[in-house]
Chemist: 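Quick one: the structure is below, and I'll ask about it shortly.
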Amino acid sequence: MSSSTDGQTPDKGLAGNLQDRVFAKVLQQMVPSDYSVEKYAEMTDKRKDKDRPQFSLTLMSGNFRRFNARIGVVFVFQHRIFRVLSWDQPTHTFSALAVYSFICLDPQLLAVLPLVLILLFIMVPAFIARHPPTVPTMPGKVEPYTAHGGPIAPPPEVKAVSEMSKVGDTLDTEMADPQDGLSQEDAGANSRFSEV
């Protein structure tokens with residue numbers, strides 16, 4: 001066994017040299033022969049100046065607020081999933097595990113899942129909001145919930161989103177007078193039907 005003066009064996013020096021040559025050959029094949037660093041730097045500088053808007057704190061803060069408003073739903077969903085999986089309310093966790101078990105045992109139930117979600121998360125809360133339970137007159141007394149009769153609470157009024165309000169205002173002004181888009185004959189026919 002012979003060793004070199006720098007402490008390396010000749011085999012390791014040869015392997016390192018072989019790696020360098022292979023790496024150089026691969027780079028020669030990947031990089032085009034007419035490649036120049038100056039030309040590449042010039043292309044990136046032109047693209048950077050032309051496509052990017054100027055840096056503005058007001059624009060950035062507005063974009064960040066819009067992003068947070070749109071992504072907030074994801075964080076709410078993540079928080080609810082975390083609450084179910086952390087056993088904060090064991091009944092919710094057991095219910096989620098039961099639904100998951102039924103879906104694993106019979107995957108055809110996935111077709112029914114959207115209807116069940118609409119029923120549980122949209123229709124039932126809307127019904128309870130319109131038909132609130134009666135307040136017990138005596139403390140500790142539980143009165144049964146009756147769903148008969150007309151609605152007690154008025155329907156909720158949905159407010160327009162600030163970004164969409166411009167579109168809504170435009171549509172409201174266009175839809176304000178239905179006679180604007182009708183010809184004279186159609187307007188006359190509509191007025192005859194309204195008189196009857």
Side-chain angles (χ1 to χ4, degrees), residues 53 55-103 107-196:
F55 180 73
S56 169
L57 284 176
T58 56
L59 180 65
M60 188 176 73
S61 65
N63 288 341
F64 189 69
R65 268 187 266 121
R66 265 197 323 240
F67 173 74
N68 280 339
R70 291 181 181 161
I71 202 74
V73 176
V74 174
F75 290 124
V76 168
F77 179 72
Q78 178 186 3
H79 181 68
R80 287 184 181 174
I81 294 293
F82 180 73
R83 269 193 3 220
V84 167
L85 296 179
S86 66
W87 293 84
D88 284 346
Q89 294 180 334
T91 55
H92 290 179
T93 306
F94 279 124
S95 300
L97 290 174
V99 168
Y100 180 73
S101 299
F102 280 127
I103 289 174
Q108 296 170 348
L109 289 175
L110 282 174
V112 180
L113 192 61
L115 296 174
V116 170
L117 292 177
I118 289 172
L119 177 70
L120 290 177
F121 293 110
I122 296 175
M123 295 178 75
V124 170
F127 181 82
I128 291 175
R130 295 284 312 270
H131 304 273
T134 57
V135 179
T137 55
M138 297 178 59
K141 182 180 178 186
V142 177
E143 295 185 16
Y145 180 77
T146 59
H148 301 292
I152 298 172
E157 186 174 320
V158 179
K159 296 181 179 178
V161 179
S162 62
E163 290 179 5
M164 296 299 290
S165 63
K166 295 175 187 173
V167 175
D169 291 342
T170 306
L171 290 176
D172 288 343
T173 56
E174 290 175 1
M175 300 297 255
D177 189 12
Q179 303 295 332
D180 287 344
L182 300 175
S183 65
Q184 292 294 332
E185 296 171 3
D186 293 336
N190 283 343
S191 64
R192 277 185 259 135
F193 285 122
S194 62
E195 292 171 2
V196 175

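Counting begins at 1 with the first residue of the sequence. Not measured: the values here are computed from a predicted model. Atoms considered below: every heavy atom in the structure, side chains included; atoms not considered: hydrogens, waters and symmetry mates.
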Chemist: Out of curiosity, Arg65 CZ to Arg70 CZ, how far, rounded to the nearest 0.5 Å?
Modeler: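 Separation between the atoms: 13.0 Å.
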
Chemist: Around atom CZ of Arg130, are there more than 12 heavy atoms of other residues, nucleotides or ligands at under 6.0 Å?
Modeler: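 Counting other residues, nucleotides and ligands, CZ of Arg130 exceeds 12 neighbours.
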
Chemist: Checking Phe67 now: which residues fulfil side chain to side chain contact (heavy atoms under 4.5 Å, CB included) with it, not counting sequence neighbours?
Modeler: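 Result, side chain to side chain contact (heavy atoms under 4.5 Å, CB included) vs Phe67: Ile71.
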
Chemist: List in chain and number order the residues that pass ring pair (Phe, Tyr, Trp, His ring centres under 6.0 Å) with His131, two or more places apart in sequence or in another chain; answer none if no residue qualifies.
Modeler: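 By the ring pair (Phe, Tyr, Trp, His ring centres under 6.0 Å) rule, His131 matches Phe127.
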
Chemist: Please report the closest heavy-atom contact between Ile103 and Leu113, naming both atoms and the distance.
Modeler: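 So the two residues come closest at CD1-CD2, 4.1 Å.
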
Chemist: Distance-only criterion, 3.5 Å: show the donor-acceptor pairs between side-chain atoms of residues 55-64 and protein atoms not counting sequence neighbours.
Modeler:
from	atom 1	to	atom 2	distance (Å)
Ser56	OG	Thr58	OG1	3.0
Ser56	OG	Leu59	N	3.3
Ser61	OG	Leu57	O	3.2
Ser61	OG	Thr58	O	2.9
Asn63	OD1	Arg66	NH2	2.6
Asn63	ND2	Leu59	O	3.4

Chemist: Who passes side chain to side chain contact (heavy atoms under 4.5 Å, CB included) against Phe94, sequence neighbours left out?
Modeler: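 If we apply the side chain to side chain contact (heavy atoms under 4.5 Å, CB included) test to Phe94, skipping adjacent residues, the hits are Trp87, Pro90.
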
Chemist: Could you give the distance from CE (Met123) to CG (Leu115), rounded to the nearest 0.5 Å?
Modeler: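 Taking CE in Met123 and CG in Leu115, the distance rounds to 10.0 Å.
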
Chemist: Restricting to side chain to side chain contact (heavy atoms under 4.5 Å, CB included), what partner residues turn up for Ile81, sequence neighbours left out?
Modeler: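 Testing Ile81 for side chain to side chain contact (heavy atoms under 4.5 Å, CB included), a comparison that skips the adjacent residues, returns Phe77, Leu85.
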
Chemist: Please report the shortest heavy-atom distance between Pro125 and Leu120, naming the atom on each side.
Modeler: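 Minimum heavy-atom separation between Pro125 and Leu120: CD-O, 3.2 Å.
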
Chemist: Using side chain to side chain contact (heavy atoms under 4.5 Å, CB included) as the criterion, list what pairs up with Arg83, not counting sequence neighbours.
Modeler: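 Listed in chain order: His79, Asp88.
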
Chemist: Taking all heavy atoms of Ala129 and all of Ala153, pick out the closest pair and write down the distance.
Modeler: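 Taking every non-hydrogen atom into account, O-CB, 3.3 Å.
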
